[in-house]
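Chain A is the first sequence line, chain B the second, and so forth, proteins listed ahead of strands; every chain is numbered from 1.
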There are 2 protein chains.
Amino acid sequence: MESKDLDVLRTAIQRFVSLSEEEWTMLTPALQYRDLARGGDWIREGQKELHVGMVLEGNMRHYYTRDGEEKTTYFYFENHLVSSYFSAITGKPSELTIEALTDSRLLTFPYAHLKSLYDRSPKWERFGRLLAEYVAMGLEERMAGLLMMSPEERYLQLLQGNKQKIIGRIPQHYIANYLGITPVSLSRIRKRLGEK
Amino acid sequence: MESKDLDVLRTAIQRFVSLSEEEWTMLTPALQYRDLARGGDWIREGQKELHVGMVLEGNMRHYYTRDGEEKTTYFYFENHLVSSYFSAITGKPSELTIEALTDSRLLTFPYAHLKSLYDRSPKWERFGRLLAEYVAMGLEERMAGLLMMSPEERYLQLLQGNKQKIIGRIPQHYIANYLGITPVSLSRIRKRLGEK
DNA sequence: CTTTTTTATTATCTTTTGTTAACGTTTTTG
DNA sequence: CAAAAACGTTAACAAAAGATAATAAAAAAG
């Protein structure tokens with residue numbers, strides 16, 4: 001296991017709490033690499049034994065399946081944590097599938113291991129709280145946007161904000177899903193905005 | 001302070017963690033009642049010193065203000081916790097206003113006090129994690145619904161699910177906001193569904 | 001009880017989105 | 001490199017939603 005990869009994960013975690021060597025060592029034995037080819041699934045709908053991962057290379061999408069249609073609702077890029085978080089929390093089978101959009105490499109650990117750290121270490125429990133709060137804030141912002149802005153406004157926000165990498169690197173029909181509209185409609189919005 | 005009211009709050013908290021007398025006593029000195037007349041604001045946009053509350057009687061809505069328009073995105077009923085949660089977490093001024101829809105009575109405590117409990121007690125820290133996870137799951141479900149369902153489907157879901165009290169007790173134009181549409185459009189949906 | 005205020009419906013018109021299908025282009029894959 | 005798959009745009013039409021205004025009913029306030 002390369003120390004550079006470990007550093008990336010540790011840095012990501014330390015955005016929430018600083019870890020002593022001892023605390024960090026509570027996690028490392030559980031780590032493992034996972035390579036995925038483009039199009040490969042990391043987590044499948046219905047799956048129960050869930051992991052948390054950090055994307056080292058590549059990018060991924062997560063989607064729900066409804067009436068046979070895939071609805072992409074989130075993207076993951078390098079240096080971000082990825083997981084079917086809510087299934088892991090509740091212990092229920094995953095309702096979503098997480099797929100690699102490009103060849104990807106992940107550093108992963110079982111969610112059950114993280115949960116055991118919550119019991120064994122106050123610092124890790126605090127990490128769990130701060131992570132959940134972070135996730136919740138992101139969702140609140142997203143939801144408020146869906147309720148208060150038009151699809152066109154949401155697209156414009158995507159063009160500006162801290163989410164430009166989505167525009168550059170993700171196929172447009174997935175972005176349409178993410179915005180809550182159809183690919184055809186997004187194409188029309190783009191035309192309307194004159195960005196041929 | 002009536003012990004019945006204290007029990008209600010304690011029960012709500014103990015849906016997440018069980019508390020010893022000692023742990024419970026860490027919170028009680030910070031509690032205070034707050035009475036609100038119909039139409040009164042509990043938390044105002046821009047406010048910084050934030051509290052968490054439990055609704056003892058009445059119901060409330062929270063809304064964002066955008067282009068001079070109020071956009072209601074959530075409702076609170078008896079026995080539920082209410083707060084401008086994300087402002088409390090980040091320490092930033094509240095972006096939303098929380099208003100009493102009927103005469104209401106709350107049992108409240110400063111968020112800063114809860115935060116101090118996170119430092120002083122692992123049990124309270126765990127409560128904080130589980131609360132954040134609970135909030136996040138609710139938001140994920142809501143967001144997925146907004147992305148994957150039509151307004152009509154969302155309204156039908158409201159009629160069935162565990163959210164009927166919203167239908168019965170909240171004015172329709174606020175519900176329209178909650179669904180992400182205009183009041184006029186909701187009225188049309190109802191007509192279409194034949195429920196005059 | 002009367003007057004406001006709030007709330008819900010309806011109508012009209014405009015704008016936007018969904019649906020389906022066709023087409024050309026780009027990218028992948030064997 | 002050739003065939004297949006994936007992707008983005010456009011068109012045509014139907015369905016739904018937004019905006020605005022008028023009206024009526026219900027609820028709250030004095």
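Contact annotation: B:Gln172 side-chain N/O to C:dT6 OP1/OP2 distance is not under 4.0 Å. A close approach under 4.0 Å does not occur between any side-chain nitrogen or oxygen of B:Arg190 and OP1 or OP2 of C:dT7. Between D:dG8 and A:Ser187, no contact under 4.0 Å exists linking OP1 or OP2 to a side-chain N or O. Within the structure, every side-chain polar atom (N or O) of B:His173 is placed at least 4.0 Å from both OP1 and OP2 of C:dT6. Residue A:Lys191 has a polar side-chain atom (N or O) positioned under 4.0 Å from OP1 or OP2 of D:dA11.
Looking at the side chain of B:Arg192, the nearest of the listed nucleotides D:dA17, D:dA11, D:dA19 is D:dA17. Of the candidates C:dT17, C:dT10, D:dG18, the closest approach to any side-chain atom of B:Thr182 belongs to D:dG18. Taking only side-chain atoms of B:Arg38, from C-beta outward, the nucleotide of C:dG18, D:dA29, C:dT10 with the closest atom is D:dA29. For B:Pro171, counting side-chain heavy atoms from C-beta on, the closest listed nucleotide (D:dA19, C:dA8, C:dG18) is C:dA8.
Each of A:Tyr174 and A:Val184 was matched to the nucleotide of DNA chain D holding its nearest heavy atom; the match closer to the 5' end belongs to A:Tyr174.
Using a 4.0 Å cut-off between charged nitrogen and carboxylate oxygen, B:Glu78 and B:Arg169 count as a salt-bridge pair. Using a cut-off of 4.0 Å between Lys/Arg side-chain N and Asp/Glu carboxylate O, B:Arg129 and B:Glu125 are scored as not salt-bridged. Salt-bridge formation is detected for the pair A:Glu21/A:Arg10: a Lys NZ or Arg NE/NH1/NH2 atom is positioned less than 4.0 Å from an Asp or Glu carboxylate oxygen.
The distance from atom CD of A:Glu152 to atom P of D:dG18 is 15 Å, rounded to the nearest whole Å. Distance, B:Ile181 CD1 to C:dT17 C1': 14 Å, rounded to whole Å. A straight line from CD of A:Glu69 to P of C:dG18 spans 12 Å, rounded to a whole angstrom. Atom CG of B:Leu186 and atom C1' of D:dA19 are 16 Å apart (whole Å). Put simply, CG on A:Leu147 is 15 Å from P on D:dA17, counting in whole angstrom units. Atom-to-atom, CG of B:Leu179 to P of D:dA17 comes out at 11 Å; the value is rounded to the nearest Å. Rounded to a whole Å, the CZ atom of B:Arg188 is 11 Å from the P atom of D:dA19. What separates CE of B:Met149 from P of D:dA17 is a distance of 13 Å, to the nearest Å.
Backbone-only contact: B:Pro151 has heavy atoms under 4.0 Å from sugar-phosphate atoms and none from a base.
Residues B:Tyr76 and B:His62 place their aromatic rings such that the two centres sit under 6.0 Å apart.
Annotation: side chain of A:Val52 is not in contact with side chain of A:Thr108 (no heavy-atom distance under 4.5 Å).
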